[in-house]
Student: 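Provided herewith is a single structure, encoded as structure tokens, for subsequent inquiry.
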Amino acid sequence: VQLQASGGGLVQAGGSLTLSCTASTRTFSSHVMGWFRQAPGEEREFVAAIRWGVGRTLYADSVKGRFTISRSTATNTLYLQMSQLKPEDTAVYYCARSIRQLAGTANEYSYWGQGTLVTVSS
């Protein structure tokens, strides 16, 4: 399985950006797709996840109300709409796939994309 994240870039604080993630294989309804991020010198942290079939979502407290995870089952694409961006959102964002429960723990995810850099300037 290959996951390809895209859409990163440079944005001013308060701005918006949407990330996309495509998978080389079909995403089944039982799968969970998630977004994680890693800032320089920091550990990878959970951002959001979605159960592919029913669309149930889970968010980190730090992004609730600002970020929205969604998916298109027709195009097998995962999205992360980010708004009200802050400098502390600066990180490499990774998409990942899990065949397990809806969770925010990185070791629940078996497949990872290469990451896309989001830089938020103050």
Side-chain angles (χ1 to χ4, degrees):
V1 178
Q2 292 186 345
L3 303 176
Q4 181 77 39
S6 61
L10 175 62
V11 62
Q12 287 189 328
S16 300
L17 205 60
T18 297
L19 305 182
S20 301
C21 174
T22 56
S24 61
T25 61
R26 179 185 170 190
T27 307
F28 291 96
S29 60
S30 59
H31 288 162
V32 171
M33 294 293 292
W35 288 100
F36 289 76
R37 66 187 182 187
Q38 187 167 17
E42 303 287 335
E43 292 188 354
R44 190 171 297 190
E45 66 170 353
F46 171 72
V47 176
I50 186 167
R51 174 74 71 179
W52 199 256
V54 297
R56 184 182 174 193
T57 58
L58 180 69
Y59 292 93
D61 288 343
S62 59
V63 305
K64 276 181 184 175
R66 301 189 299 122
F67 290 11
T68 301
I69 188 171
S70 63
R71 85 284 191 228
S72 167
T73 56
T75 62
N76 203 38
T77 304
L78 176 73
Y79 299 100
L80 183 69
Q81 296 173 278
M82 305 183 292
S83 63
Q84 303 172 52
L85 283 162
K86 306 174 182 179
E88 51 263 44
D89 294 318
T90 295
V92 176
Y93 283 71
Y94 299 89
C95 57
R97 177 185 283 179
S98 170
I99 59 172
R100 303 177 72 175
Q101 61 183 338
L102 183 65
T105 307
N107 61 14
E108 295 279 348
Y109 293 78
S110 303
Y111 304 99
W112 293 82
Q114 87 293 351
T116 186
L117 177 62
V118 173
T119 304
V120 184
S121 62
S122 57

Student: How long is the straight-line distance from CD of Q81 back to OG of S83, given to the nearest 0.5 Å?
Tutor: 8.5 Å
Student: Would a single hydrophobic cluster contain both V47 and V118, if residues Ile, Leu, Val, Met, Phe, Trp and Tyr are joined by side-chain heavy-atom contacts under 4.5 Å?
Tutor: yes
Student: For the residue pair A5 and W35, what are the closest heavy atoms and their distance?
Tutor: CB-CZ3, 4.1 Å
Student: Can you give each donor-acceptor pair under 3.5 Å made by side-chain atoms of residues 95-108, sequence neighbours left out, with the distance rounded to 0.1 Å?
Tutor:
| residue | atom | partner | partner atom | Å |
| --- | --- | --- | --- | --- |
| R97 | NH1 | T25 | OG1 | 3.0 |
| R97 | NH2 | T25 | O | 3.1 |
| R97 | NH2 | T27 | OG1 | 2.7 |
| S98 | OG | R100 | N | 2.9 |
| S98 | OG | E108 | O | 2.8 |
| R100 | NE | E108 | OE1 | 3.3 |

Student: Do you reckon V32 sits in the same ILVMFWY cluster as L78, going by side-chain contacts under 4.5 Å, direct or chained?
Tutor: no
Student: Measure from the side-chain N and O atoms of S24 to the backbone N and O of Q2, and report whether any donor-acceptor pair falls under 3.5 Å.
Tutor: yes
Student: Closest heavy-atom contact between G7 and L17?
Tutor: O-CG, 3.6 Å
Student: Residues two or more places apart in sequence or in another chain: which of them pass ring pair (Phe, Tyr, Trp, His ring centres under 6.0 Å) with Y59?
Tutor: none
Student: Return each pair, listed once, that meets disulfide (SG to SG under 2.5 Å) where at least one residue sits in residues 22-75; pairs must be two or more places apart or across chains.
Tutor: none
Student: Name all residues meeting the side-chain contact (heavy atoms from CB on, under 4.5 Å) criterion together with T73; count only those two or more places apart in sequence or in a different chain, and write none if there are none.
Tutor: W52, R71
Student: Are V63 and Y94 linked, directly or through other ILVMFWY residues, by side chains that come within less than 4.5 angstrom of each other?
Tutor: no
Student: Output all residues satisfying salt bridge (charged side-chain N to carboxylate O under 4.0 Å, His left out) with R66, sequence neighbours left out; order by chain, then residue number.
Tutor: D89
Student: Using the side-chain hydrogen bond (donor to acceptor under 3.5 Å, both in side chains) rule, collect all pairs that involve residues 111-122, keeping only residues at least two apart or in two chains.
Tutor: none
Student: Side-chain polar contacts of residues 8-16 - donor-acceptor pairs under 3.5 angstrom, sequence neighbours left out - could you list them?
Tutor:
none

Student: Holding to side-chain hydrogen bond (donor to acceptor under 3.5 Å, both in side chains), I want the full list of residues that pass it with E88, two or more places apart in sequence or in another chain.
Tutor: none
Student: Enumerate the ring pair (Phe, Tyr, Trp, His ring centres under 6.0 Å) contacts for residues 65-92, please, sequence neighbours excluded, ordered by first and then second residue.
Tutor: none
Student: Look up atom OG1 in T18 and atom CE in M82, then write down how far apart they are to the nearest 0.5 Å.
Tutor: 7.0 Å
Student: What are the two closest non-hydrogen atoms of M33 and Y109, and how far apart are they?
Tutor: C-CE2, 4.3 Å
Student: With sequence neighbours excluded, give me every disulfide (SG to SG under 2.5 Å) pair touching residues 32-91.
Tutor: none
Student: Tell me, please, which residues at least two apart from Y93 pass side-chain hydrogen bond (donor to acceptor under 3.5 Å, both in side chains).
Tutor: R37
Student: Return the minimal non-hydrogen interatomic distance between L3 and C21, and the atom names on each side.
Tutor: CB-SG, 4.1 Å
Student: Under the rule for side-chain hydrogen bond (donor to acceptor under 3.5 Å, both in side chains), what residues qualify as partners of T77, not counting sequence neighbours?
Tutor: T75
